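See structure below.
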Amino acid sequence: MLEKTYQPAAIEPRIAALWEHADAFAVARPERREADATPYTIVIPPPNVTGSLHMGHALNNTLQDILCRFERMRGCDVLWQPGMDHAGIATQMVVERQLADRQEPDRRAMGRDAFLERVWRWKEESGGTIGGQLRRLGASCDWSRERFTMDEGLSRAVLRVSVELYREGLIYKDKRLVNWDPKFQTAISDLEVENGEVDGHMWHFKYPLAGGETYEYVEKNEAGDVILRETRDYISIATTRPETMLGDGAVAVHPDDTRYAPIVGKLCEIPVGPKAQRRLIPIITDEYPDPAFGSGAVKITGAHDFNDYAVARRNAIPMYRLMDDVAAMRVDGDAYADEAAKAAALVEAGGTPDAAAVDAINLVPDAYRGLDRFEARKRVVADIDADGLMIGVEKKLIMQPFGDRSGVVIEPMLTDQWFCDAATLAKPAIEAVESGETTFVPKVWEKTYFEWMRNIQPWCISRQLWWGHRIPAWYGPDGEIFVAFDEAEAVSMAQAHYGETRTLTRDEDVLDTWFSSALWPFSTLGWPDDTDILKRHYKTDVLVTGFDIIFFWVARMMMMGLHFKREVPFHTVYIHALVRDEKGAKMSKSKGNVMNPLDIIEGVERDTLIEKRVSSLTNKADAKRITKATRADYPDGIAAYGADALRFTLAIMAAQGRDVKLSIARVEGYRNFATKLWNASRFAEMNEAVSDAAFDPAAVTQTLNRWIVGETERTALSVTAALEGYRFNEAAAATYQFVWGVFCDWYLELIKPILNGDDEAAKRETRACVAWTLDQTLALLHPFMPFVTEELWQRTGEAGNGRAAPLALSTWPTLAGLQDEAADVEIGWVIALVEEVRSVRDEMKVPAGAKVPLVLVSADKAVQQRATRYEPILTRLARLDDLKFAKAAPKGSAQFLVGETSVALPLEGLIDMAAERTRLAREIEKAQAEIAKIDGKLTNEAFMAKAPEAVIEENRERRVEFNLTVERLGAALERLKAASE
RNA sequence: GGGCGCGUAGCUCAGCGGUAGAGCACUACGUUGACAUCGUAGGGGUCACUGGUUCGAUCCCAGUCGCGCCCACCA
């Protein structure tokens with residue numbers, strides 16, 4: 001016997017165990033392989049080992065699970081490939097912090113091997129959290145195949161890819177300006193930089209001309225009139241980063257800027273550092289400066305600014321690195337005076353100075369050496385000001401780059417790094433989407449993909465970290481590079497190169513985490529080995545992910561998949577929305593607006609939940625009521641909605657192209673939905689509605705049953721179509737509407753007289769039909785609500801002791817030929833009649849408990865028969881005590897129309913006839929308004945000439961209906977008036 | 001500066017060239033043996049604004065106003 005309410009917390013873990021025991025999610029189950037089932041494959045976006053389940057994961061994995069369960073039930077050989085990502089920076093950060101917290105030696109003190117051992121240990125101990133949480137959510141992954149980006153097989157794939165790309169010239173080493181994270185002391189890619197607006201300053205300084213030279217500075221307005229003319233002995237330079245002035249290599253002005261034409265080619269002085277030794281830099285022309293911005297003159301600091309870097313390269317301006325790995329001012333090298341002299345000598349020598357030689361020069365004045373860059377900035381500004389060379393300073397919002405993980409300001413730094421030639425790899429990846437080989441859903445995201453891919457920059461793939469795949473490069477004593485599968489191969493390559501044995505040192509760096517993620521769709525399936533699974537399941541089917549990692553991950557999987565497998569990694573990329581808080585903000589720990597899925601599933605202390613619910617509301621009155629309601633709901637102090645409720649909420653809110661703003665009220669509503677389903681099953685159980693294998697829905701005889709099997713078919717069709725089109729919200733809504741609005745609200749109510757009646761044959765058929773419909777319903781709902789449906793499936797089996805196969809492995813409803821128009825019309829009539837009676841009763845303030853008589857006026861034979869047939873139902877649902885037929889409505893009746901039949905409720909004495917007159921008048925008025933609208937159309941020549949026939953016909957029909965309403969109710973009203981006079 | 005998206009019921013959101021929908025909230029009534037995590041009925045919307053296309057626009061087009069996001073080198 002089913003309990004009165006559904007208790008998810010008690011049931012869900014048991015069901016999870018049942019699936020595990022049945023090995024329900026394993027790929028290549030024998031019966032599927034025997035049946036030569038179509039493979040269906042999804043690779044999970046691997047969560048970070050450091051991670052725990054957040055709402056984005058919950059949405060992402062719910063959608064994948066819906067697809068997997070759907071296709072599994074449709075008979076596919078489903079592989080949902082799970083696994084985790086080693087998340088280089090994030091994980092290394094966690095372990096380093098742990099060391100710090102425990103006051104243990106830091107990683108440098110420990111050494112590389114000991115540190116890595118430590119990270120592995122940490123990974124083994126606590127890296128599995130998210131896997132368990134995904135299982136808790138119901139994710140039907142083949143957990144036996146779980147992979148990790150750092151495991152042996154995947155590492156082999158990374159090695160293979162690295163070496164091959166290098167040998168093809170698609171990976172190379174270069175000294176370039178990169179984004180440097182001073183906190184983690186590593187380079188990061190452009191994508192890992194987040195630009196943010198912050199309050200800053202823009203300082204304006206004088207760069208005095210060399211030798212005290214002067215020039216006429218003339219400024220004109222747009223009309224060409226001179227608005228300023230003065231003699232200057234300086235050029236005005238604006239900067240937001242004064243500390244980088246120390247590395248200036250030139251000042252640039254636009255070639256067309258007449259203001260500075262007199263001084264182009266001359267030298268000016270960087271106004272900072274010991275006076276006697278200040279460096280002189282040339283004033284050059286370049287297209288880059290915008291004459292309309294600031295003074296129109298720009299200082300060029302090639303080693304610390306991306307724009308300047310480009311200008312410096314174009315003009316062979318030396319790029320002086322000023323900072324060290326932690327973005328403190330350099331301390332290496334000789335005294336400033338000597339270093340400045342070296343720099344001057346290099347410039348004197350002319351030509352393009354050797355990059356390494358320039359990089360070795362430390363142009364930080366002795367007084368600033370070792371200072372943090374921001375402290376250095378203050379000192380530089382103060383010193384220039386003290387010198388009288390500051391023109392002014394303005395407060396300004398400036399865009400600053402931050403490390404997405406570290407949160408610190410990123411410093412452009414000139415370093416040696418490994419790069420991947422993304423532009424070359426991107427070409428086929430662009431073509432594959434252009435040709436439709438891979439499609440994005442929704443399609444708008446293809447624009448984003450193209451935009452980025454067509455402007456793709458070299459991908460910096462080296463990281464100065466320890467946790468990750470070490471770059472397979474070895475260096476000879478002269479810096480010669482040997483990229484090889486292992487050290488032995490590198491040694492023999494070196495042997496061949498040098499003609500003798502030399503000592504090699506391995507590159508210290510590791511690869512960007514996303515480099516290994518890019519291989520995920522084939523590395524997890526066994527590549528580089530040509531495994532059966534790989535053959536069968538690559539390409540995969542759908543990739544389900546959020547738009548925030550289209551660049552990070554999707555684009556790169558496309559590139560690598562096409563390059564190494566010569567085939568796209570998936571035919572469809574389903575991009576879902578982000579789960580946001582009520583204000584539409586991304587949920588994040590730092591904002592404190594995170595709702596934890598497990599809190600919702602398993603329950604949290606009531607007060608916490610109330611707090612969360614209230615904080616998710618903007619309306620104070622609602623907040624108050626909810627607080628009250630929640631307290632009442634959870635007397636034990638724990639509120640648990642279950643995984644099904646959360647999943648259903650996410651699915652039904654996941655409309656394409658729109659963010660999900662999660663509300664607890666919704667989750668609660670769908671928890672109630674699970675309870676509703678539970679109770680419908682309970683009703684079935686109480687009425688001995690037991691699944692009957694011999695039941696044939698096409699052979700039912702009772703009209704009610706013919707109707708519900710048709711409705712079931714309709715629902716199955718629309719759920720199937722919606723899922724095939726990735727319209728998760730429509731699919732979920734269709735099940736909801738059917739279960740609650742059709743099956744529970746009407747079918748179960750309508751059959752009660754049969755179940756309680758004496759017609760054994762009808763009763764037998766109806767019981768079987770209830771069980772059948774419920775089974776179909778459980779199947780249709782299973783992808784969305786796997787736990788409660790599986791539980792009910794198990795408990796409503798023939799013996800009530802479970803069934804041979806879990807619902808997860810049972811068959812998706814593929815129904816056809818069950819719709820019956822006559823049944824639809826008949827049941828539709830019954831429903832309409834009940835609804836009308838209820839409505840009129842309520843409006844006429846007939847007490848809910850009172851039973852009333854009902855008279856069908858001038859009903860034809862067919863209607864009379866129908867009414868008689870459904871009398872028990874009508875009596876029950878409309879609370880009637882008598883059903884009669886008459887030629888005219890009895891005196892003092894309330895009247896309405898159902899179809900073409902006039903219906904009267906003789907309620908004289910019970911109701912206020914004046915109110916009834918008002919009601920009728922209002923109904924008539926409404927109908928007349930509609931008629932007027934329709935007539936407007938039907939008398940419009942243009943409409944009649946151009947509108948489709950079907951639309952015209954529809955309007956004519958509606959016109960007839962409303963006319964009937966006006967006539968009949970009009971007559972009724974007249975009689976009422978006459979009677980009251 | 002480019003690009004994308006969004007303004008529909010109190011809230012959160014579907015929808016869509018021809019009667020405007022859901023969940024929650026709200027109002028009234030209801031201890032009708034599946035379910036009060038419920039039932040019945042109801043109130044509530046010039047579908048942001050302005051033009052245009054069309055027989056017909058919430059829907060298509062253009063513009064305006066608000067809001068959000070992504071990308072971008074303005075010193």
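None of the values given here were measured: they were computed from a predicted structure. So that the names make sense, note that chain A is the first sequence line, chain B the second, and so on, each numbered from 1.
Across all strands, Asn940(A) comes closer than 4.0 Å only to sugar-phosphate atoms, never to a base (heavy-atom distances). Residue contacts shown for Ala848(A) are limited to sugar-phosphate atoms, with no base heavy atom under 4.0 Å away.
With distances taken from any side-chain atom of Arg682(A) to the nucleotides A41(B), U19(B), C35(B), the minimum falls on C35(B). The side chain of Gln7(A) lies closest to U37(B), out of G39(B), U19(B), U37(B). In this structure, of C35(B), U19(B), G23(B), it is C35(B) that holds the atom nearest to the side chain of Asn679(A). The nucleotide whose nearest atom lies closest to any side-chain atom of Ala947(A) is, among G18(B), A75(B), U19(B), G18(B). The listed nucleotides are A41(B), G18(B), A75(B); the one nearest the side chain of Glu835(A) is A41(B). Of all nucleotides listed (A41(B), C74(B), C35(B)), C35(B) comes nearest to the side chain of Glu749(A). Nearest to the side chain of Val444(A), among C69(B), A34(B), G5(B), sits G5(B). Closest contact between the side chain of Arg666(A) and the listed nucleotides U12(B), U19(B), C35(B) involves U12(B).
No donor-acceptor distance shorter than 3.5 angstrom exists from the side chain of Glu197(A) to the backbone of Ile398(A), with no hydrogens or angles considered.
Only the P atoms considered, U19(B) is 41 Å distant from U31(B), to the nearest whole Å. Nucleotides C61(B) and C70(B), compared at atom P, are 25 Å apart to the nearest Å.
Within the structure, a side-chain polar atom (N or O) of Lys676(A) is placed less than 4.0 Å from OP1 or OP2 of G39(B). Of the side-chain N and O atoms in Lys4(A), one or more sit less than 4.0 angstrom from OP1 or OP2 of A36(B). Remark: Asn729(A) is not in phosphate contact with C13(B), judged by side-chain N or O atoms under 4.0 Å from OP1 or OP2. Note on Lys926(A): every side-chain N or O is 4.0 Å or more away from OP1 and OP2 of U19(B). Of the side-chain N and O atoms in Trp740(A), one or more sit less than 4.0 angstrom from OP1 or OP2 of G39(B). Between Thr448(A) and G3(B), a side-chain N or O to OP1/OP2 separation shorter than 4.0 Å is absent.
Nearer to the 5' terminus of RNA chain B, by closest-nucleotide assignment, is the contact made by Glu930(A) (compared with the other of Glu930(A) and Lys946(A)). Remark on RNA chain B: of its neighbouring residues Arg241(A) and Ala684(A), the 5'-side contact belongs to Ala684(A), judged by nearest-heavy-atom nucleotide.
Remark: Gly296(A), Val298(A) in residues 296-304 of chain A come within less than 4.0 Å of RNA chain B through at least one heavy atom.
Under the 6.0 Å cut-off for aromatic ring centres, Phe440(A) and Trp445(A) do not qualify, their centroids lying 6.0 Å or more apart. Centroid-to-centroid, the aromatic rings of Tyr670(A) and Tyr641(A) stay 6.0 Å apart or farther.
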>> Assess the residue pair Phe896(A) and Thr965(A) against the criterion (side-chain contact (heavy atoms from CB on, under 4.5 Å)); give the C-alpha distance rounded to whole Å, side-chain angles, the decisive distance to 0.1 Å, and a yes or no.
In response: CA-CA 8 Å; Phe896(A) 54 91; Thr965(A) 305; over 6 Å; no

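Proximity of Leu877(A) to Glu749(A): side-chain heavy atoms (C-beta onward) are separated by under 4.5 Å at one or more points.
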